[in-house]
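Note sheet for the following structure.
This is a predicted model, so every value here is computed, not measured. Position 1 is the first residue of the sequence; numbering continues from there.
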Amino acid sequence: MHVVLPLGRRLVVGIGSTVARNRQPYQEFVPDFDFTGGGRTITEYHNFLYSIQVVVAPD
């Protein structure tokens, strides 16, 4: 999503945003912190990206 707005007579403001999500199959064993041999297996990573850009420019 991108928006450009006039701010006064000679100034322009632009705002942009980006959202992305990615699922990545992965196999990894994560042991417990007490090192008793227990733990869990991760089978998928979920990656998220959030980005906001603001630009101020003379008109």
Between His46 and Arg21, is any pair of side-chain heavy atoms under 4.5 Å apart? yes

Any side-chain heavy-atom pair from Val56 and Leu11 closer than 4.5 angstrom? yes

Note, Val4 side chain near Val12 side chain (heavy atom, < 4.5 Å): yes

Ser51: partners by side chain to side chain donor-acceptor pair (under 3.5 Å), with sequence neighbours left out: Gln53

State which residues pass side chain to side chain contact (heavy atoms under 4.5 Å, CB included) with Val3; sequence neighbours excluded, sorted by chain then number. Met1, Leu5

Just wondering, do Gln27 and Thr41 contact through their side chains at under 4.5 Å, heavy atoms? yes

Atom of Tyr45, atom of Glu28 and distance for their closest heavy-atom approach: OH-OE1, 2.5 Å

Going only through I, L, V, M, F, W and Y residues with side-chain contacts under 4.5 Å, is there a path from Ile52 to Val55? no

For atom CZ of Phe48, is the number of surrounding heavy atoms from other residues, nucleotides or ligands below 6.0 Å larger than 12? yes

Hey, what do you get for OG1 (Thr43) to OH (Tyr26), rounding to the nearest 0.5 Å? 12.5 Å

